[in-house]
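Below is one structure; the comments refer to it alone.
Not measured: the values here are computed from a predicted model. What you see below is based on every heavy atom in this structure, not just the backbone, and it leaves out hydrogens, waters and symmetry mates. Just so it is clear: chains get the letters A, B, ... in the order the sequence lines come, proteins before strands, and each one is counted from 1.
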Number of protein chains: 2
Amino acid sequence: MASRGRRRSVGVVEMARDLGVSTATISRALNGSPSVRRELADRIRAHAQARGYVANRLARALSASTSRAFVGFVIPYVDTLAYSAVAAECASLLSAAGTQMILAITENDAEREYEQLRDLVGTRIAGLVISPTTHLLDETRRLLAELPVVELHRVSGIDAPSVLADDEQALTDSIVHLAALGHTDIAYLGTPRELSNGAIRLRGIRRGVAKAGLDPRRITMRLVEPTQENGRDATRELLTGGLPFTALVVGSGSLSVGAADAVRCSGRRLPDDLSLVVYGDPAWFVLADPPLTMIQVPYAGLARIAARLLLCALDARETGNPPPATGPHRVLAGLCVAGSTGPPPGRRP
Amino acid sequence: MASRGRRRSVGVVEMARDLGVSTATISRALNGSPSVRRELADRIRAHAQARGYVANRLARALSASTSRAFVGFVIPYVDTLAYSAVAAECASLLSAAGTQMILAITENDAEREYEQLRDLVGTRIAGLVISPTTHLLDETRRLLAELPVVELHRVSGIDAPSVLADDEQALTDSIVHLAALGHTDIAYLGTPRELSNGAIRLRGIRRGVAKAGLDPRRITMRLVEPTQENGRDATRELLTGGLPFTALVVGSGSLSVGAADAVRCSGRRLPDDLSLVVYGDPAWFVLADPPLTMIQVPYAGLARIAARLLLCALDARETGNPPPATGPHRVLAGLCVAGSTGPPPGRRP
DNA sequence: ATGAAAGCGCTAACAC
DNA sequence: GTGTTAGCGCTTTCAT
């Protein structure tokens, strides 16, 4: 019952009165300006500590018309390590730089994306990390053009650095790997061409087909929006579609969850009845029995790069230095062969 | 190259000049005050739209000394659906209420937790959702006492509503289930008593042991901090420790990931050599073969309650109404029997 | 090295 | 209904 009505917190004016100095001096001392007598500055800091002073970041940011108090982190979902791991790591790294990270979910909807962005611009964020929707609204583009942006996982043609898993080679490798095992009829379940990473992964598959000398007509492509549900449904359809494929490659973390489940439900044994290559989230694909052959992405590395790029971009804005290089910064993904891939049924030893 | 130097964004004063009205009128119109002529208000809104006006949330929040512009979401990690799913859902729900959610990661460290909280108080958050560390610093307690708090997954004795998985019964059920299958020697891998949810789950286990009439001395307890690594290590030690248990129950999502992997690595077949009950994350435990018997928690429901409680608490602050009931709000978790539990090796048919 | 004062962009009394 | 004005709590010239 002590402090029921929450007492207005101490501010610079109050402390200035306490110490018989001006608010300017308080501010300077607290911000480590060199132009304050050492001894005075120490006294001020001690007093602030004692009174439990916490600077009002709103006022600070409002005053210093350019501030890195806040940044945005705008993503479609958090259902996958690709987002959750990166979000956590970015929040940690940015916080160390005195920046708070506002989480905004678009659910992959361009309208929602725009609204979230508007709100973020409203709080005068210093910059943002975004995993953009497929078709940005024009208004969205306009907003993004105004501030430092780092694109994550996807690119949308705006003029910004991006950080991406370099997975084209890994997907190529997956096809080559399967071909080497004897597979000639392969299905690929991936994300739409319109998604920048979908296009790249698809190219990886195509390259693999060419490199392995497979007949493209015997490769089935199925491209759907990356959700677990879609992965499950599409896989079920593929499996019951009467197509002759003996191996399935999945090119997305979300799709992989659903696909793996659909395969299990179908009763297919891995790799005897079907070979399966999944994408992402190593922590739990290894739990499957057999452990799944997968394309592994180092998400923590991605996160570090994203955070570093953003902080660089902010520095650049403030100092007038050139911003970090536009264009993709890639982190190598690799094919990790485990137990879910083997020779096709016909060619069993 | 068009608008290189980013033009200062339009504000109320500029629009006031444009339209020959006062800033107050602008503000009123934009905030839907009834005391503005319909026709004028429309004209103002149209103009704002046309000029791409976006209100400065910092200024707004600073001015309206109490505002729900920001809330905090303070969690140890995001490595598990228990956090990532709830974070996403809360961000969505809060955003619909005009509130932005700042993500802060404590890594389960009391010092970091305090710093994050200080920073959040610095931005004058309206309230927060927190999954507190085990031993709150006194300073932390003091901060938390000053604002609306909703505790998530864990409680720390502060005077706040909390939202928790009601899993005691499910853990009891798991023991009863195993006992019914014939197990008498069971190991439980859980989180420490000091973690509020750890204590509850432990109690669930104890109740199960009593209810099933098992000999408590034949139950092995191993309590460790909830990380995947710990789950893996502890399980490995249990499996190589020469203890006679024939079933393992795991009482945490993170621990379950590591435990499942350690079991797989050990070569034990489920359920022939060992019965296993895991906790959480249904999406992928079903992928294991056999699908794992698990304790299932409806995280989306948890998230909705958390968001609702927080918004209620904010309303209460503003209106002076009584805040939402302190104490736990529970969402029922359930035992979901699948293929990883069966009769113990000795009693195989 | 320190102080006085002018904002930052908005809201909210208080006048008219 | 609408305008005037005084802040919100801080930073930052410009003086001294």
Open item on the list: Working to the nearest 0.5 angstrom, can you tell me the gap between Ser131(B) OG and Tyr77(B) OH?
Closed with: 10.5 Å
TODO: With rounding to the nearest 0.5 Å, note down the distance linking CG in Leu136(B) to CG in Leu117(B).
DONE: 9.0 Å
- [ ] Would you indicate which nucleotide in dA13(C), dC10(D), dT12(D) comes nearest to any side-chain atom of Ala24(A)?
- [x] dT12(D)
TODO: Could you please name the option among dT2(D), dG3(C), dT11(C) that lies closest to any side-chain atom of Val36(B)?
DONE: dT2(D)
TODO: Starting at CG of Asp159(B), measure out to CG of Leu144(B) and round the result to the nearest 0.5 Å.
DONE: 11.5 Å
TODO: Answer with base, sugar-phosphate or nothing: what part of the nucleic acid does Ala55(A) contact at a heavy-atom distance below 4.0 Å?
DONE: sugar-phosphate
Open item on the list: Using 0.5 Å steps for rounding, measure from the CD1 atom of Ile75(B) to the CD atom of Gln116(B).
Closed with: 11.0 Å
Open item on the list: Tell me if the side-chain of Ser63(A) makes a donor-acceptor pair with the base of dG7(C), cut-off 3.5 Å, by modelled atom types.
Closed with: yes
Open item on the list: Is the phosphate of dT11(D) approached by Ser27(A) (side-chain N or O, under 4.0 Å from OP1 or OP2)?
Closed with: yes
Task: Euclidean distance, atom CZ of residue Arg57(A) to atom P of dG9(C) [Å, nearest integer] - done: 19 Å
Open item on the list: Any side-chain N or O of Arg60(A) below 4.0 angstrom from OP1/OP2 of dT11(D)?
Closed with: yes
- [ ] Tell me which nucleotide among dC10(C), dT2(C), dC10(D) gets nearest to the side chain of Val12(A).
- [x] dC10(D)
Open item on the list: Output the rounded distance in Å from CZ (Arg51(A)) to C1' (dG9(D)).
Closed with: 15 Å
Task: Distance-only donor-acceptor test, Arg28(B) side-chain atoms vs dG3(D) base atoms, 3.5 Å - done: yes
Task: Parallel, tilted or perpendicular: ring planes of Tyr299(B) versus His153(B), cut at 30 and 60 degrees - done: perpendicular
Task: Value in whole Å for how far the C1' atom of dA1(C) lies from CD1 of Ile26(A) - done: 14 Å
- [ ] Scan Thr25(A) against the nucleic acid and name what it touches under 4.0 Å (heavy atoms): base, sugar-phosphate only, or nothing.
- [x] sugar-phosphate
Task: Euclidean distance, atom CD of residue Glu39(B) to atom P of dT2(D) [Å, nearest integer] - done: 9 Å
- [ ] Check every strand shown and say whether Val21(B) touches a base, only sugar-phosphate, or nothing at a heavy-atom separation below 4.0 Å.
- [x] sugar-phosphate
- [ ] Please tell me which of Ala64(A) and Gly20(A) maps to the more 5' nucleotide of DNA chain C, matching each residue to the nucleotide holding its nearest heavy atom.
- [x] Gly20(A)
Task: 5'-most by nearest nucleotide on DNA chain D - Ala59(B) or Ala41(B) - done: Ala41(B)
Open item on the list: I need the CG-C1' distance between Leu62(A) and dG7(D), as an integer number of Å.
Closed with: 12 Å
Open item on the list: Mind checking if Leu40(B) touches a base, just sugar-phosphate, or nothing, with heavy atoms under 4.0 Å?
Closed with: sugar-phosphate
TODO: Measure the NE2-CG distance between His135(B) and Asp109(B) for me, rounded to the nearest 0.5 Å.
DONE: 12.5 Å
Open item on the list: Rounded to whole Å, please give me the gap between CG in Asn31(A) and P in dT2(C).
Closed with: 15 Å
- [ ] Would you kindly give the CG-to-C1' distance between Asn56(B) and dC8(D), to the nearest whole Å?
- [x] 13 Å
TODO: Rounded to the nearest angstrom, tell me the gap between atom CD in Glu318(A) and atom P in dT11(D).
DONE: 14 Å
TODO: Report yes or no: is there a donor-acceptor pair, N or O only, under 3.5 Å between the side chain of Thr23(A) and the base of dG3(C)?
DONE: no
